[in-house]
A.B. asks: 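Mind having a look at this structure? Questions to follow.
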Amino acid sequence: MRYVMLGLPTGLGLQLVRQAEAKMPLPDRPNLFYKPTSVIIGPNEPIVIPRVAQPVEEVVPDYEVELVVVIGKDAKDVPVEKAIDYVLGFTAGNDVSFRKHQLAVTQWGFSKSFDDTTPLGPCIVSASAIDSTKLGVKTVLNGRVRQDGTTSCVIPATEVAQTADIVVNRNLVFDASKLVSYLSQGTTLKAGTVIYTGTPKGVGAFANPKVFLKDGDQVRVWVEHIGTLANPVVEEGPLKAKL
C-alpha cells in the first residue's frame with residue numbers, strides 16, 4: 001500500500017525528555033524539519049537504505065517510533081484549546097534517521113528525507129477515540145525491545161530549560177494540541193499533513209555498542225490503541241552499468 005499525502009510530512013526534533021540521553025539541551029519550542037512525500041511507505045513495505053547511507057556501520061541508520069498526528073482540515077493560527085478540532089486522528093510512524101548525516105549539520109532534512117525510508121500506519125484512529133497524551137510506544141528490532149516509552153507530557157514547557165540534567169527520559173515535551181497550534185501560526189497546515197511528534201529513549205545511535213538498521217532486519221513499531229507497523233530493511237545494491 002502506498003500512502004499519498006496531501007500535505008508535507010513534518011517532524012519534530014529534540015521533542016522528548018529522552019534528549020538527556022543524547023546530552024542535548026531540551027527546547028523551549030518545537031524544533032521543526034520537513035520531509036518530502038517520497039519518504040513515506042506503508043506497512044510491510046521495505047525500508048530502503050540508499051547507497052549514500054552506506055556502509056551502515058558508519059552512517060548508522062536508526063529507528064524512531066513516533067505517534068503521528070494527521071491533520072483533517074486546513075489549520076492556520078489555531079489556538080491550543082481548539083487545535084484538536086483540526087486533527088483527523090493519530091497513527092504510528094517510524095522516523096528512520098541516518099545519524100552520520102544528521103549530526104554533521106544543524107538542519108536535519110537531508111538525513112531524514114531519503115526515498116522509501118519513513119513507515120506510516122497501520123491505520124488512523126479518530127482523535128475522539130483515544131487520549132494521545134497517555135499512549136505507550138515501543139520499537140522491537142529482530143524480536144528485541146529497543147524502545148519502550150510513553151507520550152505522556154509531564155513537564156511544562158516553562159520548565160523545560162531546567163530539565164536537561166534530570167533523568168526523566170520517556171516523555172514528550174509538547175503534546176499534540178500544542179504542536180498543532182504552534183506549527184499553524186502564520187502557516188497553513190493543509191489537510192493531510194502528518195506530524196511525527198518525537199521518539200523516546202533507546203535509539204540505536206546511543207546504545208553501547210551502537211545498534212543500526214541493516215539488510216535483512218525486521219523492525220516493528222507499536223503505538224498503544226493504534227497497532228503495530230512492521231517493515232523489513234533492505235540495503236540498496238550497487239549501480240549496474242548500462243549497455
A.B. asks: Is it true that K134 and T150 share a donor-acceptor pair across their side chains at a distance under 3.5 Å?
C.D. replies: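 Judged by distance alone, the side chains do not pair up.
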
A.B. asks: Donor-acceptor pairs under 3.5 angstrom involving side-chain atoms of residues 68-78: please list them, not counting sequence neighbours.
C.D. replies:
unit_1	atom_1	unit_2	atom_2	d
D74	OD1	A191	N	2.9
D74	OD2	K190	NZ	3.0
D77	OD1	G186	N	2.7

A.B. asks: Please answer: with hydrophobic residues joined when any side-chain heavy atoms are less than 4.5 Å apart, are L67 and L189 in the same cluster?
C.D. replies: yes

A.B. asks: Without swapping roles, check the side chain of T117 against the backbone of I47 for a donor-acceptor pair under 3.5 Å.
C.D. replies: no

A.B. asks: Report the residues that fulfil side-chain hydrogen bond (donor to acceptor under 3.5 Å, both in side chains) with Q185, sequence neighbours left out, ordered by chain and then residue number.
C.D. replies: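 In terms of side-chain hydrogen bond (donor to acceptor under 3.5 Å, both in side chains), with neighbours along the sequence ignored, Q185 is linked to no residue.
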
A.B. asks: If we only count heavy atoms from C-beta on, is the P200 to V65 side-chain gap below 4.5 Å?
C.D. replies: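 Yes, at least one pair of side-chain atoms sits under 4.5 Å.
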
A.B. asks: By side-chain hydrogen bond (donor to acceptor under 3.5 Å, both in side chains), which residues pair with S126, not counting sequence neighbours?
C.D. replies: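 Testing S126 for side-chain hydrogen bond (donor to acceptor under 3.5 Å, both in side chains), a comparison that skips the adjacent residues, returns S128.
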
A.B. asks: Establish whether V87 and L135 are linked, either directly or via other cluster members, by ILVMFWY side-chain heavy-atom contacts under 4.5 Å.
C.D. replies: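 Yes, V87 connects to L135 through the hydrophobic network.
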
A.B. asks: Side-chain donor-acceptor pairs under 3.5 Å in residues 206-220, sequence neighbours left out?
C.D. replies:
unit_1	atom_1	unit_2	atom_2	d
K214	NZ	D217	OD1	3.1
D215	OD1	E235	N	2.8
D217	OD1	N142	ND2	2.9
D217	OD2	K214	N	2.9

A.B. asks: Taking atom types as modelled and ignoring hydrogens, do the side chains of S177 and D175 form a donor-acceptor contact shorter than 3.5 angstrom?
C.D. replies: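 There is no such pair (donor and acceptor under 3.5 Å, judged by atom type) between the side chains of S177 and D175.
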
A.B. asks: Could you tell me whether the side chain of T118 reaches within less than 4.5 Å of the side chain of V96, counting heavy atoms only?
C.D. replies: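 No; the side chains remain at least 4.5 Å from each other.
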
A.B. asks: Residues in salt bridge (charged side-chain N to carboxylate O under 4.0 Å, His left out) with E236, at least two apart?
C.D. replies: R51

A.B. asks: Using every non-hydrogen atom in the two residues, find where H101 and V59 come nearest and quote the distance to one decimal.
C.D. replies: CD2-CG1, 3.9 Å

A.B. asks: Look at the side chain of H225 and the backbone N and O of D131, then say whether any donor-acceptor pair between them is shorter than 3.5 Å.
C.D. replies: no

A.B. asks: Grab the two heavy atoms, one from S97 and one from Q102, that are nearest each other, plus how far apart they are.
C.D. replies: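 Between these two residues, the closest heavy atoms are CB-OE1, 3.9 Å.
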
A.B. asks: So among R146, R99, K138, which one has a salt bridge (Lys or Arg N to Asp or Glu O under 4.0 Å) with E64?
C.D. replies: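 One option only clears the test, and that one is R99.
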
A.B. asks: Please identify each residue that fulfils ring pair (Phe, Tyr, Trp, His ring centres under 6.0 Å) with F98, with sequence neighbours left out.
C.D. replies: F114

A.B. asks: Applying side-chain hydrogen bond (donor to acceptor under 3.5 Å, both in side chains) to D115 and S38, what does each step give before you reach the verdict?
C.D. replies: CA-CA 5 Å; D115 291 350; S38 58; 2.9 Å; yes

A.B. asks: On a heavy-atom basis, which atom in Y196 and which in G93 lie closest, and how many Å separate them?
C.D. replies: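 What the structure gives for the nearest pair is CE2-CA, 3.6 Å.
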
A.B. asks: Determine whether V221 and V140 fall in the same hydrophobic cluster, where Ile, Leu, Val, Met, Phe, Trp and Tyr are linked whenever their side-chain heavy atoms lie under 4.5 Å apart.
C.D. replies: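 In one cluster: no.
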
A.B. asks: Is the backbone N or O of C123 less than 3.5 Å from a side-chain atom of T91, with the two atoms forming a donor-acceptor pair by type?
C.D. replies: yes

A.B. asks: Who pairs with A104 by side-chain contact (heavy atoms from CB on, under 4.5 Å), at least two apart in sequence or on another chain?
C.D. replies: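 For A104, no residue satisfies side-chain contact (heavy atoms from CB on, under 4.5 Å) once neighbours in sequence are set aside.
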
A.B. asks: Are L120 and I124 co-members of a hydrophobic cluster defined by side-chain heavy atoms under 4.5 Å apart?
C.D. replies: yes

A.B. asks: Any non-hydrogen side-chain atom of V233 less than 4.5 Å from a side-chain atom of P46?
C.D. replies: no

A.B. asks: How close do A83 and S181 get, heavy atom to heavy atom, and via which atoms?
C.D. replies: CB-N, 4.2 Å

A.B. asks: Is N231 close to P43 at the side-chain level, that is, under 4.5 Å between some pair of heavy atoms?
C.D. replies: no

A.B. asks: Who are the side-chain hydrogen bond (donor to acceptor under 3.5 Å, both in side chains) partners of T139, not counting sequence neighbours?
C.D. replies: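 T139: side-chain hydrogen bond (donor to acceptor under 3.5 Å, both in side chains) contacts with Q147.
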
A.B. asks: Could you tell me which non-hydrogen atom of L229 sits nearest to which non-hydrogen atom of N94, and how far apart they are?
C.D. replies: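 In this case the closest contact between L229 and N94 is CD2-N, 4.3 Å.
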
A.B. asks: By the side chain to side chain donor-acceptor pair (under 3.5 Å) test, which pairs, at least two apart or in different chains, include something from residues 78-89?
C.D. replies: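 Non-adjacent pairs meeting side chain to side chain donor-acceptor pair (under 3.5 Å): zero.
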
A.B. asks: Who passes side-chain hydrogen bond (donor to acceptor under 3.5 Å, both in side chains) against N44, sequence neighbours left out?
C.D. replies: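 Applying side-chain hydrogen bond (donor to acceptor under 3.5 Å, both in side chains) to N44 gives none.
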
A.B. asks: Picking from T151, V137, T228, what satisfies side-chain contact (heavy atoms from CB on, under 4.5 Å) with V223?
C.D. replies: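 When T151, V137, T228 are each tested with V223, the side-chain contact (heavy atoms from CB on, under 4.5 Å) holds only for V137.
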
A.B. asks: Is there a chain of hydrophobic side chains (I, L, V, M, F, W, Y, each step under 4.5 Å between heavy atoms) that links V125 to I195?
C.D. replies: yes

A.B. asks: Any chance you could lay out the side chain to side chain contact (heavy atoms under 4.5 Å, CB included) test for D95 and Y63, step after step, and finish with the verdict?
C.D. replies: CA-CA 6 Å; D95 182 21; Y63 47 80; over 6 Å; no

